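Worksheet for the structure shown next.
Throughout, protein chains are lettered first and strands after them, A, B, ... in sequence-line order, and every chain is numbered starting at 1. Hydrogens, waters and symmetry mates play no part in the numbers below; they use all other heavy atoms, side chains included. None of these values were measured; they are calculated from a predicted model.
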Amino acid sequence: MPKISGFLLDADYTDVSEKSVIRLFIKTEKSHEIVKDHSFRPYFYAIVENPEKDKAKIAEDLKGVLKRAEIVEKKLNINDKPREVLKLTFDSTRMLVDARAKCKELSYVIERREYKLPFARRYLIDKNLTYFDYLEISVDENNSVEKIEKLEDRPIKFNIGVFDLETLSPERFSNPQLDPILMASFGTENWTKVICEKPIEKDYAIKVNDEKGLIEKIVSLIKESDLDILGTYNGDSFDIPYIKTRADKLKTGVKIGLDNSEPMIKRKGMGNAVLIKGLQHVDAYLIVRILARLGVVNLIKFDLESVSEAIFGEWKEKVKAEEINQIWNSNKGLERLANYNKEDSEVTFKLIKNYLPIFVELSKLVKQNLYDTTRAASSTLVENLLVLESANLGILIPNDPNESLINQRMMQTYVGGFVKEPEPGLHENIAVLDFSSLHPTIMISHNISPDTLNCGHEECKQKNMAPNNNYFCTKKPGFLSNTLKQLFEKRIKLKEMVKKMDKESMEYKVLNAQQTSLKIILNATYGSLGYARFRWYSRECASAVTAFSRQYAQMVGAEAEKAGFRWIAGDTDSAFLEIPKNRAKDDIIKFADEINNKLPGVMNLEIEGFYKRGLFVTKRGSDEAAKKKYALMDEKGRLKIVGFEYVRRDWARIAKDTQRRVIEAVLKEGDSAKAINIVKETLDYLKSGKAKKEELIIYTQIKRKLKDYESIGPHVAAAKKAIQRGKSIEIGSVIEYIVTKSGKSISDRAELAEFVKEGNYDADYYISHQVLPAVIKIMQELGHSEDDLKHGGKQKTLQAFFGA
DNA sequence: TAATTCGCTAGACCGA
DNA sequence: TCGGTCTAGCGAA
């Protein structure tokens, strides 16, 4: 019997003569193989009053679609005893879909369960297979599975290829119905080529006859490379739909699927997702979005130039759309465009190569293919993990909540973390303590889980009551909390192992990716609990987590005061403590130890760092201190600026830079004269009219349809004007606008930066709405109160003082 | 198709 | 024209 050995890269199903058949995509030593498993049928469960009787009834009612009904034992809910339910099996998923609709109408069917689980996923769960497993599959002459054996895990070396298109855009944006593809780059591990019909004096250039030739060349490069992963940057919404449309028009195809299928463009939320059969399409743009969400990078713009700079510290030249048109029409600068096209592919490749291990590990963890994992929401990751846990425990997965339940849930919110109002002003010698993984460790340590909630035991009520008056069982591990505990412990072990390893080694990269993937799941769980569409939603649990968190945050603050420190600020999981002159760092270490001795379970307070100086300011238009806004300087003079305008993209760079310089002067040198000078210079510069566009741009995102805005802010006004000039702006577009000289309101004066001439800006606006608001509160902490200035000089306000 | 709450601030909007 | 209120976006955790 022939055998096929290799990694399980993907799984799906296809219909063969009215039967749904599982396909496994295997990465073998040499290439790829598709094998079919005819032995597995789709099914779902029906909960009925009387299994024995209803089994016969349902066979009658589902005649023609049902293949088999059998009685099996399952737990309906986590805490239930197993009971008899009907397992309904079908020949095809289409029949399953038919039947599940019919079942809804049957009065004796109390509930349907697991009727939406994707068939391939069902298969992997039942067969105990996971993506990237190394399999040995015995097949017959038609590549049909006879037997699957799972061999020991082994490292996998992916064959990755990326491509990128440059298109003509005479109308400000490219229209695939009209505008041709000008160049395409394709890159792999060792080389990148640029394809173009015009001659390019570069050794990496490939000349083709026309656009059709270009498409055919890129398709053949992809096919010949026998890829596991095809990477793009924004391929979901741009490159792949574009090349498909062009290929259609030019009467050629993009048959790059392993089964020679075309890419499938699926609607996903507001945008697209492009699926290629047997080949994982990884859109690196989504990876960057995820990294931004995880706080790995902080980006204002998501173009490859910004990404390259922020993630790899490498500058990359941008060729703008108008320049591309110019280059193409004049044939001057084709090499520059080719280089740009090539670098786009290279950065995309690097992104995928760098972050792939994390997504591979996540895929394994939750049994999703790479395509889905790179596109999954965090609650979906958590859900999929819990689906596996349920299957292991013989519990039927809870159904999705219906819309009315979702709405009901959304009406009820709960109280979050505790934020201490800081003591405004300059502080010296600050220790910042914080709880490591606060929410997960609370859930684990207090056994918070929907199934342990208010268990009824008097003892648990006494010993494990959250401050929101919900309590959790102490006698048996909770479904959710125990799952988290396993992940948590595994992560601790991995972190220990990784510590000793060479960071460049393959082993390190894999294990580190494993611990990162665990962290992603651990951190996403608490938020999911309070998410209305989550299958395991529990407002009581989410609320108990935050109730405990407030209690612990307050406890640390109070104990710190008792121990002789000043509790000057804190946010959710942190405490900022000022260390008095007569105390040392060691006292903080001792203090943290004492707290840790009192903390339950795996909760842990750690010392985040020591800071020489810290600045807290008051809110605008009030004397209260602002929360979530501070600047710290560590012992090496490095600044940490949090919450200030400096970190916000919706402030102009000139204001942000000035603010940073002022903060630096204050924290590093304690020099108010210098700070005042910095501000004065900036104001003069603005007044001179010499400020550059890039210093004046304000970035703000359009978050809804333009017609849906009740209040027309500057970014909306600028967007509307831009649309009239032919720009395409959609939900999610980040508007880059400048406040110009002409117009009445600020919105009137706001224009897209690309339409603004250098020098056309409203200096008054940038002075009194940008630079001064960003620095005034800081100057006040230096003792330059408005009152002081009134008496010290003739000026009435700080604003007047700076001559604005 | 979508994780949570807390918090700051701007600029529009609206009524006197 | 003023001042209070509301809409909107973004950041912290």
Item to complete: For C:dG9, take OP1 and OP2 only and decide whether either is under 4.0 Å from a side-chain N or O of A:Y709.
Response: yes

Worksheet item: Can a side chain N or O of A:K268 be found less than 4.0 Å away from OP1 or OP2 on B:dT1?
Response: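 No, because none of the side-chain N or O atoms of A:K268 sits under 4.0 Å from OP1 or OP2 of B:dT1.
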
Within the 4.0 Å heavy-atom criterion, would you say [X] contacts the bases, only the backbone, or no part of the nucleic acid?
{"X": "A:Y765", "answer": "sugar-phosphate"}
{"X": "A:A377", "answer": "sugar-phosphate"}
{"X": "A:V716", "answer": "nothing"}
{"X": "A:H439", "answer": "nothing"}
{"X": "A:G527", "answer": "base"}
{"X": "A:Y414", "answer": "sugar-phosphate"}
{"X": "A:Y537", "answer": "nothing"}

How about [X]: does its [atom1] atom have over 12 heavy atoms from other parts shown lying under 6.0 Å from it?
{"X": "A:K519", "atom1": "NZ", "result": "no"}
{"X": "A:Y646", "atom1": "OH", "result": "no"}
{"X": "A:K495", "atom1": "NZ", "result": "no"}
{"X": "A:D708", "atom1": "CG", "result": "yes"}

Measure all distances between protein nitrogen or oxygen atoms and nitrogen or oxygen atoms of nucleotides 13-16 of chain B, and list the pairs falling under 3.5 Å.
residue: B:dC13; atom: OP1; partner: A:I712; partner atom: N; Å: 3.2

Indicate whether the side chain of [X] and that of [Y] have a donor and an acceptor atom separated by less than 3.5 Å.
{"X": "A:E540", "Y": "A:N470", "answer": "no"}
{"X": "A:T232", "Y": "A:D239", "answer": "no"}
{"X": "A:S404", "Y": "A:N407", "answer": "no"}
{"X": "A:D623", "Y": "A:T618", "answer": "no"}

Would you indicate which nucleotide in [options] comes nearest to any side-chain atom of [X]?
{"X": "A:R648", "options": "C:dA13, B:dA10, B:dG7", "value": "B:dG7"}
{"X": "A:S745", "options": "C:dC10, B:dT9, B:dA12", "value": "B:dA12"}
{"X": "A:A626", "options": "B:dG11, C:dA12, B:dC8", "value": "B:dC8"}
{"X": "A:D573", "options": "C:dA13, B:dA10, B:dC8", "value": "C:dA13"}
{"X": "A:Q701", "options": "B:dA2, C:dA12, C:dC10", "value": "C:dC10"}

Discussion item. Please report the distance separating the C1' of B:dA3 from the corresponding atom of C:dA12, rounded so that it comes out in whole Å.
Written reply: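 Nearest-Å result for B:dA3 against C:dA12 at atom C1': 15 Å.
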
Item to complete: Mind running a 4.0 Å heavy-atom check of residues 538-549 of chain A against DNA chain C and sending the residues that fall below it, in number order?
Response: none

